[in-house]
Number of protein chains: 4
Amino acid sequence: MNSEKKKALQSLKTAKGQIEGIIRMIEDERYCMDISNQILAAQSLLKRANLLILEQHLSHCVKDACHNEENADEKINEIITIIEKLMSK
Amino acid sequence: MNSEKKKALQSLKTAKGQIEGIIRMIEDERYCMDISNQILAAQSLLKRANLLILEQHLSHCVKDACHNEENADEKINEIITIIEKLMSK
Amino acid sequence: MNSEKKKALQSLKTAKGQIEGIIRMIEDERYCMDISNQILAAQSLLKRANLLILEQHLSHCVKDACHNEENADEKINEIITIIEKLMSK
Amino acid sequence: MNSEKKKALQSLKTAKGQIEGIIRMIEDERYCMDISNQILAAQSLLKRANLLILEQHLSHCVKDACHNEENADEKINEIITIIEKLMSK
């Protein structure tokens, strides 16, 4: 597993722990704005994980596909789809 | 607990389950774009939970503060801060 | 006109000038990534203008409505709608 | 000029017109929330233009670079940079 994936894993595990904490905060009727801020923090961790995954995908899988002339078009179409999703969020 | 908080709880629990699934996907070296799409789905669930929390906070806590003239300014300043965070994301 | 509105005006005028420049870049078949970066810069200016408008609206109009008990609920409902739009972007 | 660029040009020209309108709205001290909504509409037009530019860049320039083995890596690095910017917005 490459280093980006390891870092992505770490971000996801931290995010999971934060979400468990947010669930408890809601159950404990904690102040709404504190809950909202914690959700924003968890979202940032997910975004970081996704960026790491996409970066290493482009750097390895897409570049390899280009060099080896194997389904490069298909890989690039996938990138177009992800960019569309990122921009519609 | 009001209905919005219950729905937010449900979204968070679903997001937590998805993140557990994504962690396994990375460990199983599943295809990167499938992982990325799953992370985007989990992000949408967190966003939905946050919107529910903010909506009911504004509808109840901020409106009550306005009517009872209790720290209304402070509550509105908190909303300004959250909007700044949302727009800087 | 308050200072936030003046700053928002300045951002919008700068954005307008940038967009005129981007239109020429496309007509001159300039490199796509340079065009994309310029569009992102113009978007940031619009976002800055919008944040300034929302901040001063909350600080003045919404707070005044709370203190004077005039259509405070309506103003807060408008804020909920804007937050929904910001989070669906 | 390809069709995506023509559509992007159209979006940008419409956005420019909207921004001129928003500038007048602020000068005429129009209601803040109406101004904010107009800014959000102009932002959507810029986003649409940017997506069109990126889509045709990937479909033509990046795919060609892959097939002709000309600076494919450089082009893909540019895509990584744009995705980083999109995700940090």
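Sequence lines set the chain letters: A, B, ... in the order given, protein chains first and strands last, and positions in each chain run from 1. From a predicted model like this one, the values you see are computed outputs, not experimental measurements.
Atom-to-atom distance recorded for D:Leu46:CG and C:Gln38:CD is 12.0 Å, nearest 0.5 angstrom. Summarising the geometry, atom CG belonging to D:Asn50 is positioned 5.0 Å from atom CG belonging to C:Leu40; distances are rounded to the nearest 0.5 Å. Rounded to the nearest 0.5 angstrom, D:Leu52 CG and C:Cys32 SG are separated by 11.5 Å. Put simply, CD1 on C:Ile23 and CD on D:Gln10 are 9.0 Å apart, with the number rounded to the nearest 0.5 Å. Rounding to the nearest 0.5 Å places NZ of D:Lys5 at 10.5 Å from CE of C:Met25. From D:Met33, atom CE reaches atom CD of C:Glu74 across 10.5 Å, with rounding to the nearest 0.5 Å.
A pairwise comparison of heavy atoms in D:Ala8 and C:Ile26 identifies CB-CD1, 4.4 Å as the closest pair.
For C:Ile19, the part lying near chain D is the side chain, with the backbone staying farther off; criterion is any non-hydrogen pair under 4.5 Å. Neither the backbone nor the side chain of C:Lys6 comes within less than 4.5 Å of any heavy atom in chain D. The contact between C:Leu54 and chain D is made entirely by side chain atoms (from C-beta outward), counting heavy-atom distances below 4.5 Å. Interface remark: D:Ile82 contributes side-chain atoms only to the contact with chain C (heavy atom separation under 4.5 Å). For C:Leu12, the parts lying under 4.5 angstrom from a heavy atom of chain D are both the backbone and the side chain. For chain D, the nearby parts of C:Glu27 are the backbone and the side chain; heavy atoms of each come within less than 4.5 Å.
Heavy-atom pairs under 4.5 Å with chain C peak, among D:Asn37, D:Leu51, D:Thr81, D:Ile22, at D:Asn37. With chain D as the partner, the residue from C:His57, C:Gln18, C:Lys75 showing the most heavy-atom pairs under 4.5 Å is C:His57. Considering only heavy-atom pairs separated by less than 4.5 Å from chain D, the leading option among C:Ile35, C:Ile39, C:Ile79 is C:Ile39.
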